[in-house]
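Remarks on the structure that follows.
Only heavy atoms go into these numbers, but all of them, side chains included; no hydrogens, no water, no symmetry mates. This structure is a prediction, so every number in the text was calculated from the model and none was measured.
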Amino acid sequence: MEFFCYHRDRPGSLSLRAELLEEHWSYMDQYADEMIARGPTLSDDGETPTGSVHIIDLPDAATARAFVFDEPGYQAGVYRDVQLRRWRNLLGRTMWDFPGGRVDGDRFLVLGLGGDGTDAADGLTLPADTDELIAFGPLLSDDGATHLGAAALVRAPDPDTARAVLAPDRYAVVEVHRWQFGGRQ
């Protein structure tokens, strides 16, 4: 089962986040084989972390909940909140398989929230051009049957171009966050 996890940083927690970085990476290293994508969201200047994204394939929802809530930053109070949703990997690859590599161009997390509640099988289709998509898939209800939104990691020249990977009229809110490949180099 694939899951989308987004830990949003609590205001004022940057120094605590930095203090726990090695502990966070060591924790994530335990899940290296299950990881589809990972990395921090960043402020508009592209420098300051604002959250942490993990897309991961785990056996069940209980294991996914343990994964997000046992994370060292969560335990220490770095995060304001956590979004955890079932997800489906429509690209069928990991971020490490993205042909565009780790560093060229700007990257973004695009979240479409408040999906239309359609059947998950009808919930989301890939855009015609997938060359700039790093990860792409629907956010689903716990049972995987209902489309609740979408999450995409995309390389794009600007936030508006990134936002265009999702149909804006389909979601109550579309968020765009700067994002970069995470983990150890």
Side-chain angles (χ1 to χ4, degrees), residues 1-9 24-25 28 31-58 64 68 82-116 118-140 144 147-185:
M1 260 181 217
E2 296 160 332
F3 294 89
F4 172 83
C5 315
Y6 184 24
H7 293 81
R8 293 179 194 249
D9 287 9
H24 167 80
W25 282 349
M28 292 302 161
Y31 295 93
D33 292 341
E34 293 85 5
M35 202 67 67
I36 296 167
R38 66 182 282 191
T41 55
L42 305 166
S43 60
D44 289 340
D45 66 9
E47 299 293 322
T48 307
T50 61
S52 193
V53 172
H54 298 92
I55 302 174
I56 190 162
D57 190 357
L58 295 170
V68 298
V82 176
Q83 180 179 15
L84 174 63
R85 281 280 168 223
R86 291 269 308 268
W87 188 76
R88 186 174 306 127
N89 186 354
L90 295 184
L91 295 175
R93 66 176 186 224
T94 72
M95 73 179 201
W96 297 276
D97 300 321
F98 173 61
R102 289 181 67 99
V103 294
D104 292 335
D106 291 331
R107 283 108 196 295
F108 298 90
L109 163 66
V110 183
L111 289 174
L113 303 172
D116 55 16
T118 58
D119 178 62
D122 300 325
L124 187 66
T125 56
L126 281 169
D129 180 10
T130 61
D131 291 348
E132 299 301 313
L133 294 177
I134 300 162
F136 189 87
L139 299 172
L140 303 169
H147 176 255
L148 301 175
L153 298 172
V154 60
R155 180 173 63 179
D158 56 67
D160 289 336
T161 304
R163 181 183 314 272
V165 303
L166 297 181
D169 57 336
R170 181 130 198 227
Y171 303 100
V173 175
V174 176
E175 297 179 3
V176 179
H177 305 271
R178 290 194 175 279
W179 174 84
Q180 69 183 26
F181 276 52
R184 300 179 195 279
Q185 300 297 327

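- Formation of a donor-acceptor pair under 3.5 Å by the His147 side chain with backbone atoms of Gly149 is found in this model.
- Shortest non-hydrogen contact noted between Thr50 and Leu42 is OG1-N, 3.5 Å.
- The minimum heavy-atom distance between Leu166 and Ala150, with the atom names listed, is CD2-CB, 3.7 Å.
- Distance check: Phe98 CZ to Asp104 CG gives 9.0 Å after rounding to the nearest 0.5 Å.
- Partner Cys5 forms a side chain to side chain contact (heavy atoms under 4.5 Å, CB included) with one of Gln83, His54, Arg85 and no other, that one being His54.
- The CD1 atom of Ile134 lies 4.5 Å from the CZ atom of Arg107; values are rounded to the nearest 0.5 Å.
- Looking at Pro138 and Leu90, their side chains come closer than 4.5 Å, going by heavy atoms from C-beta outward.
- For the salt bridge (Lys or Arg N to Asp or Glu O under 4.0 Å) test, no residue two or more places apart in sequence or in another chain qualifies with Arg163.
- Across Ala162 and Val154, no two heavy atoms sit closer than the pair CB-CG1, 3.7 Å.
- Taking CZ from Phe181 and CG from Leu153, the interatomic distance works out to 8.0 Å, rounded to the nearest 0.5 Å.
- Under the side chain to side chain donor-acceptor pair (under 3.5 Å) criterion, Asp97 pairs with Thr94, sequence neighbours left out.
- With sequence neighbours excluded, no residue forms a side chain to side chain donor-acceptor pair (under 3.5 Å) with Asp160.
- Between the CD atom of Glu34 and the CG atom of Leu58 there is a distance of 6.0 Å, given to the nearest 0.5 Å.
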Stepwise side chain to side chain contact (heavy atoms under 4.5 Å, CB included) test for Leu139 and Leu113: CA-CA 8 Å; Leu139 299 172; Leu113 303 172; 4.1 Å; yes

Before you tell me yes or no, could you show the steps for Phe136 and Thr130 under side chain to side chain contact (heavy atoms under 4.5 Å, CB included), namely the whole-Å CA-CA distance, both residues' side-chain angles and the distance that decides it to 0.1 Å? CA-CA 9 Å; Phe136 189 87; Thr130 61; over 6 Å; no

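- The closest donor-acceptor contact from the side chain of Thr41 to the backbone of Gly51 lies under 3.5 Å.
- Here the straight-line distance linking atom CE of Met28 with atom CD1 of Ile56 works out to 7.0 Å at 0.5 Å rounding.
- For Glu175, the side chain to side chain donor-acceptor pair (under 3.5 Å) partners at least two apart in sequence or on another chain are Arg8, His177.
- In this structure, Arg38 CZ and Trp25 CH2 are separated by 8.0 Å, a value rounded to the nearest 0.5 Å.
- Leu109 is listed as a side-chain neighbour of Phe4, based on a closest heavy-atom distance under 4.5 Å.
- Checked against side-chain contact (heavy atoms from CB on, under 4.5 Å), Asp44 has no partners two or more places apart in sequence or in another chain.
- Every residue meeting the side chain to side chain donor-acceptor pair (under 3.5 Å) condition with Asp45, not counting sequence neighbours, appears here in chain and number order: Ser43.
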